[in-house]
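First up is the structure itself, then whatever we jot down about it.
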Amino acid sequence: MKIAIYGKGGIGKSTISANLAAALSLSGKRVLQIGCDPKHDSTRLLLGGRKITTALDYMKEVPVARQRLDGVLHQGFNNIVCAEAGGPEPGVGCAGRGILSTFALFERLGLDMERFDVIIYDVLGDVVCGGFAVPLRKGFADRVYVVTSEEFMSIYAANNILKGVKNYDGEEHRLAGLVLNSRGDSEDRTPVERFAEKVALPVVRTVPRSDRFRQAEIMEKTVVEAFPDSPEARVFHGFARSVMENTTFYPAFSLDEDFLEQTIFMGREPDPAIEIPAREAPETPVETVADLATGATPVFLSKSMMTREPLHGCAFAGALATTTQVVDAITVAHGPRSCTHIAFQAIFSAGLRLHTQKQMLVPNQLAPAVISSDMDENTVIYGGNDTLARTLETAVEKKPGALFLLTTCPAGVIGDDPDAAVREIRARYPDLPVIPITTDGNLRGDYMQGVLNASMEGAAALMDPTVQARPDRVNVIAEKNIAYNAEDNFNTITDILGQMDIRINCRFVRNTRVKDLKAFLRGGLNLPAYTDYFGRIMADFLKERFDSPTASLPFPVGFTESKLWIREIAAFFNKEEKGEAIIEIFQARYETLIATHRNALKDKRLMIITYVHNVDWIVEAAFDLGMVVSKVCILNYSQDNRFTTRYPGRFQVETDYPPHQRDTDLKRLRPDILVGNYTPKTLPFPVHVDTIPMCPDVGFYGGIAFARRWASLVKSPVNEGWKNDGI
Amino acid sequence: MEFDCQPIPPDSFTGAIMAVEGITDAAVLLNGPTGCKFYHGSISESLLSRAAYLDPLYYSEEFYFGQPRVPATYLDDYDYVFGATQKLEKILPVVAEKGHSLIVIVNSPGAALIGDDLERFIKNACLPVPCLAIENTGFSDAFATGFQDAVIQVIKQVDPTPGTSPTPRVNLMGLSIFHHHWQGNLNELTLLLNACGIEVNTVLCAGTTMARMENLATAGCNLVIHQEYADKLALFLKERFHLPTLVPSVGAPMGFEATEAWITEVCENFDLDPAPGMAIIKKARNRSHEVLNRFNSLTGLPKGATFALVADASIALPLVTWLYTYLGMVPVAVKFVETVDCFADALTAFLHRIDCADALNADIVAATPDIVLGSQADISRQRLAGYPFAGIDISLPAASHIHVVEKSFMGAQGTLYLIEKIINGLFRKM
């Protein structure tokens with residue numbers, strides 16, 4: 001059972017929530033209370049006044065990799081589990097967003113709601129934005145109580161809350177009634193009674209005004225704990241029983257403001273000009289909807305998310321670059337047009353470069369299938385669910401094989417509920433896979449996190465787990481969609497595999513189709529394009545979710561990697577003989593290339609400064625050419641964190657290389673060639689500089705391809721004349 | 001699937017950033033995530049280069065993320081909840097040290113929702129350089145709206161001193177660095193204006209400087225290039241400085257006739273003789289005739305070749321008119337990106353007159369034109385359809401061609417450049 005207790009700020013929600021929690025726990029229920037108020041005092045009386053770390057503070061202070069549920073869940077009175085969302089100081093930031101972040105944290109850490117008999121959400125006064133309405137979403141509260149007093153502002157707030165509930169209620173109703181927290185016996189209760197009558201809700205409990213609440217508060221306890229035999233405690237025990245026994249829920253009606261003022265407070269007959277909302281009789285009692293959260297989400301986080309580094313790019317863009325690789329799917333981007341434009345440009349630029357440089361037309365990169373909901377100012381203020389529903393409908397009309405939904409920062413900040421729109425579309429088009437992906441711009445992570453989420457929540461959701469592996473079929477995974485040589489590399493790999501009579505079943509996720517993703521498990525082995533952080537996570541995910549094995553080696557670059565890679569694949573498919581025959585063919589050519597350039601490059605000193613964490617392909621070529629590798633300097637890179645080499649001890653290595661150390665190293669090592677991903681601005685003395693790609697060409701000649709280039713480089717003047725022409 | 005994948009154009013957020021980045025000594029400080037930063041940092045540097053080097057290690061300090069342009073507060077989930085106070089306090093002095101004449105803090109769409117009090121940060125930072133805040137650039141509004149709103153805010157900040165000039169002097173309006181070949185266009189128009197004795201004062205805002213912005217009220221009038229990007233601005237300048245604005249009736253000076261009409265209207269405004277400008281155009285006309293005469297005698301083209309155009313109305317009107325009347329080409333699809341009624345209505349009427357009304361908003365792919373003029377995204381979409389055609393990228397995103405010699409689509413040389421592209425495109429297609 002999940003109860004949301006709403007009410008105006010200062011009305012006594014926290015006191016009522018805490019006492020209700022105490023009474024429920026004493027009746028033997030396992031209770032979790034979550035305070036959703038930035039002032040984070042909902043659970044104070046359950047914790048004996050103890051201050052606890054709020055979820056939002058915890059997120060800030062503790063790196064993701066070290067975050068645990070026990071950091072945000074705290075044991076209170078009678079084993080009640082307590083949590084506080086926390087939030088910003090008044091006047092800054094967005095408290096509603098804080099609630100969304102808190103629930104996302106609980107989900108990520110795998111908070112198992114099923115462990116509890118009752119969960120109580122104590123929610124700030126008014127439903128002011130989407131964030132505060134989170135407990136009203138499906139999967140969260142299945143019953144709602146609204147606390148009010150006899151005062152105008154309190155009833156006014158209650159009326160607003162009913163509006164919020166109405167927006168989130170679908171076919172099922174969740175309103176259980178009003179709770180009157182009385183300001184005293186002398187207060188006129190008529191307005192509350194009139195209000196209850198007009199909105200067709202019962203006042204399920206009246207909490208009397210009593211000094212015992214103040215006394216208990218001084219003791220930092222609930223009344224239920226401090227004065228267990230008091231009449232006030234009995235009120236809460238009775239309330240707890242009625243909560244547990246209640247099976248009647250009501251539709252939410254709210255009143256027009258003028259009507260509210262005239263009829264409820266002034267006791268006048270309603271002005272005929274004011275339209276009175278139609279009222280329906282309470283429905284036949286319905287059972288609580290048990291559409292519970294799905295439980296723990298496996299934690300597959302990008303490197304930046306794990307280490308709390310600044311986020312590079314946004315999850316929205318990363319996800320869009322991935323979902324648009326499913327060529328017969330449409331992606332709906334919910335947000336302002338700028339977000340989609342920016343992400344679109346990144347995809348388009350890569351496609352354009354492919355066309356310009358390689359005359360390759362890749363349709364889904366030149367014209368990605370994406371529709372923006374073009375969120376405008378009104379949508380931002382009044383919520384974007386209607387706009388989103390319309391955009392999804394437009395997408396469905398195009399008859400896609402699947403529909404992906406991505407959200408941007410503004411959609412995340414205002415707390416739109418895309419799941420509700422998705423449920424609606426799914427209900428109307430049950431045969432169409434409609435898949436929302438966790439993004440919210442960068443609120444849920446960086447570019448790489450978006451790629452991960454789109455692969456795991458998006459493309460993987462299409463996979464049919466009952467499909468069986470077929471002989472001699474492989475899948476390709478973890479290709480980099482923004483790498484301009486991705487298609488060339490894929491073709492090289494396809495060619496080598498073809499020589500072993502091995503076919504590619506599915507590319508996960510690049511230039512693929514819904515049916516290929518459904519049949520993903522026909523591939524008996526996954527071949528990772530890269531075994532960097534991304535490649536490793538994809539491999540772990542496929543193993544964990546589908547028990548689908550992945551080869552240990554990435555697409556090979558350079559001779560040795562290619563040889564080892566072919567041997568691994570050949571061994572898996574029992575094609576060792578074919579594998580060796582292929583290697584033999586390439587070996588002869590490789591040796592010829594080495595011999596051609598060896599004289600020009602022998603004993604030349606090479607220094608490498610790069611973001612790429614695997615440099616063996618280039619080091620191997622250098623060694624084979626008789627060059628000396630003076631030092632390899634690995635820069636911090638947002639997408640990888642593991643430097644490995646087959647040549648330990650043969651050259652100096654410095655990981656997490658500080659860029660400012662470059663000139664000192666250059667002076668000390670005096671390399672003939674400095675290789676990096678970019679040409680540096682200034683150097684302490686003239687030196688030949690060359691660039692290497694972040695994603696090199698795969699195959700036997702990937703490294704040696706640079707031999708020819710370097711052989712001519714060392715013959716060129718060390719300083720080119722044009723460099724003197726700068727302003 | 002029946003999806004016609006259309007390009008996603010930029011909106012008012014990009015418009016605002018491009019306006020400020022179009023001032024060579026002003027800088028955008030983005031209060032937003034890196035997802036909004038990288039694109040704008042990259043494109044502003046490629047459109048109006050300021051940095052001598054692109055090595056990201058040179059820009060490795062916090063907030064710059066390896067780019068010379070558009071430093072950002074790299075907002076994350078936590079900043080959205082608690083506000084970006086600490087980062088803003090830290091970034092302002094860092095950017096202020098760079099020697100800019102103006103810093104403009106621009107909220108990303110997400111940041112605009114959390115309501116950080118940017119004015120307070122600016123006040124408390126006591127910066128040695130002027131700084132202003134654009135708290136909300138709009139959500140999905142037109143690029144032109146964001147662009148003009150930002151220019152107006154900059155002008156308000158600069159607060160130019162009214163004055164006069166002894167020589168005829170104009171401010172050029174409605175040109176941004178986001179217009180393809182803006183520099184070449186500007187050079188061409190400046191050449192024509194100068195030839196007629198008219199000086200270009202301030203260009204709002206493409207390649208101008210803060211000093212020029214301060215000087216803008218000394219111009220005799222504002223002269224519009226693209227009305228879509230100048231309508232609000234013109235009203236503002238009229239109200240604030242009593243500066244009149246001349247909107248040439250032909251739209252942008254593209255094609256010989258429109259260029260002639262454009263310079264003539266400007267000269268009339270100053271009571272000057274347009275003959276020197278006309279002489280420049282005449283020379284280009286002679287060259288055009290020489291080339292077209294040979295091409296046409298061998299091929300019969302470009303007469304009768306079909307074309308599709310995707311452009312703002314201020315470009316579409318002169319270009320469609322010229323392609324039809326001068327080259328004899330036939331429009332089969334015409335789409336507006338941004339419109340102003342006067343040019344859109346005039347073009348619609350023209351299309352009716354030449355019995356090509358069906359071309360308005362016609363599907364370009366279905367129309368199978370010989371030439372497509374639009375952004376490279378429009379051209380690529382056509383390319384995927386598989387029909388032979390030639391594409392001319394007249395707007396961004398442009399083709400991946402590295403231009404060394406400056407190109408123009410406007411004025412005399414711009415018209416010759418278009419002719420060169422058209423006849424070579426048709427020649428290759430034959």
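Each chain gets a letter, A, B and so on, in the order the sequences are listed, and its residues count up from 1.
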Next on the checklist: Quick check on B:A84 against chain A: is it the side chain, the backbone, both or neither that has a heavy atom closer than 4.5 Å?
Outcome noted: neither

Checklist outcome for this item: So, the part of A:Y657 with a heavy atom under 4.5 Å from chain B: the answer is neither

Checklist entry - Does anything in residues 394-405 of chain B pair up under salt bridge (Lys or Arg N to Asp or Glu O under 4.0 Å), and if so which pairs, sequence neighbours excluded? => result none

Checklist entry - Between the side chain of B:K37 and the main-chain N/O of B:Y64, is any donor-acceptor distance below 3.5 Å? => result yes

Checklist entry - Picking from A:D328, A:L352, A:L311, which has the most non-hydrogen pairs under 4.5 angstrom with chain B? => result A:L352

Checklist entry - Is chain A contacted by the side chain of B:Q6, its backbone, both, or neither, given a heavy-atom distance below 4.5 Å? => result backbone

Checklist entry - Are the side chain of B:R69 and the backbone of B:S44 linked by a donor-acceptor contact shorter than 3.5 Å? => result yes

Next on the checklist: Can you tell me which portion of B:I43 sits under 4.5 Å from chain A's heavy atoms? Options are side chain, backbone, both or neither.
Outcome noted: neither

Next on the checklist: Taking the ring of B:Y229 and the ring of B:H179, is the distance between their centroids below 6.0 Å?
Outcome noted: yes

Item to check | B:R50 (side chain) donor-acceptor with B:T24 (main chain) under 3.5 angstrom | outcome: yes

Checklist entry - With chain B, which of A:A369, A:P659, A:S338 has the greatest number of heavy-atom pairs at distances under 4.5 Å? => result A:S338

Next on the checklist: If you count heavy-atom pairs within less than 4.5 Å of chain A, which of B:P9, B:A377, B:G138 leads?
Outcome noted: B:P9

Item to check | Part of B:A398 within contact of chain A (heavy atom distance under 4.5 Å) | outcome: backbone

Item to check | Pair B:F13 and A:H341, ring centroids less than 6.0 Å apart | outcome: no

Item to check | Contact leader toward chain A among B:P33, B:A399, B:G32, where contacts are heavy-atom pairs under 4.5 Å | outcome: B:P33

Item to check | Contacting moiety of B:T14, where chain A heavy atoms sit under 4.5 Å | outcome: side chain

Checklist entry - Under a 4.5 Å heavy-atom cut-off, does chain B meet the side chain of A:R662, its backbone, both or neither? => result side chain

Checklist entry - Quick one: does B:Q376's side chain have a donor or acceptor within less than 3.5 Å of a partner on B:S400's backbone? => result no

Item to check | Residue among A:M59, A:H660, A:K399, A:E397 with most heavy-atom pairs under 4.5 Å to chain B | outcome: A:K399

Checklist entry - What distance do B:E89 atom CD and B:Q86 atom CD have between them, rounded to the nearest 0.5 Å? => result 7.5 Å

Next on the checklist: Heavy-atom cut-off 4.5 Å, strictly under: side chain, backbone, both or neither for A:P38 against chain B?
Outcome noted: neither

Checklist entry - Between the side chain of B:S12 and the main-chain N/O of B:G15, is any donor-acceptor distance below 3.5 Å? => result no

Item to check | Structural part of B:N136 lying under 4.5 Å from a heavy atom of chain A | outcome: side chain

Checklist entry - Between A:A317 and chain B, which part of the residue has a heavy atom less than 4.5 Å away: side chain, backbone, both or neither? => result neither

Checklist entry - Is chain A contacted by the side chain of B:A51, its backbone, both, or neither, given a heavy-atom distance below 4.5 Å? => result neither

Checklist entry - Is the backbone N or O of B:C36 less than 3.5 Å from a side-chain atom of B:H40, with the two atoms forming a donor-acceptor pair by type? => result yes

Checklist entry - Looking at the rings of B:F65 and B:Y59, which for Trp means the six-membered one, are their centres under 6.0 Å apart? => result no

Checklist entry - Quick check: does any side chain N or O of A:Q449 sit under 3.5 Å from a backbone N or O of A:S302, one acting as donor and the other as acceptor? => result yes

Checklist outcome for this item: Whatever's closer than 4.5 Å to a heavy atom in chain B on A:E377 counts as both

Checklist entry - Between A:D376, A:T379, A:I342, A:D374, which has the largest tally of heavy atom pairs under 4.5 Å with chain B? => result A:I342

Next on the checklist: With chain B as the partner, which of A:T356, A:D440, A:V327 has the greatest number of non-hydrogen pairs under 4.5 Å?
Outcome noted: A:T356

Checklist outcome for this item: Turns out that what part of A:A329 lies under 4.5 Å from chain B's heavy atoms comes down to backbone

Next on the checklist: Is B:H401 close to chain A through its backbone or its side chain, or both, or neither, when contacts mean heavy atoms under 4.5 Å?
Outcome noted: neither

Checklist entry - Can you tell which of A:P363, A:A343, A:G412, A:A411 has the highest number of heavy-atom pairs within less than 4.5 Å of chain B? => result A:P363

Checklist entry - Ignoring hydrogens and geometry, is there a side-chain-to-backbone donor-acceptor pair from A:T439 to A:T407 under 3.5 Å? => result yes

Next on the checklist: So for A:S101, is it side chain, backbone, both, or neither that comes closer than 4.5 Å to the heavy atoms of chain B?
Outcome noted: both

Item to check | A:G335 backbone acceptor or donor facing A:S373 side chain under 3.5 Å | outcome: yes

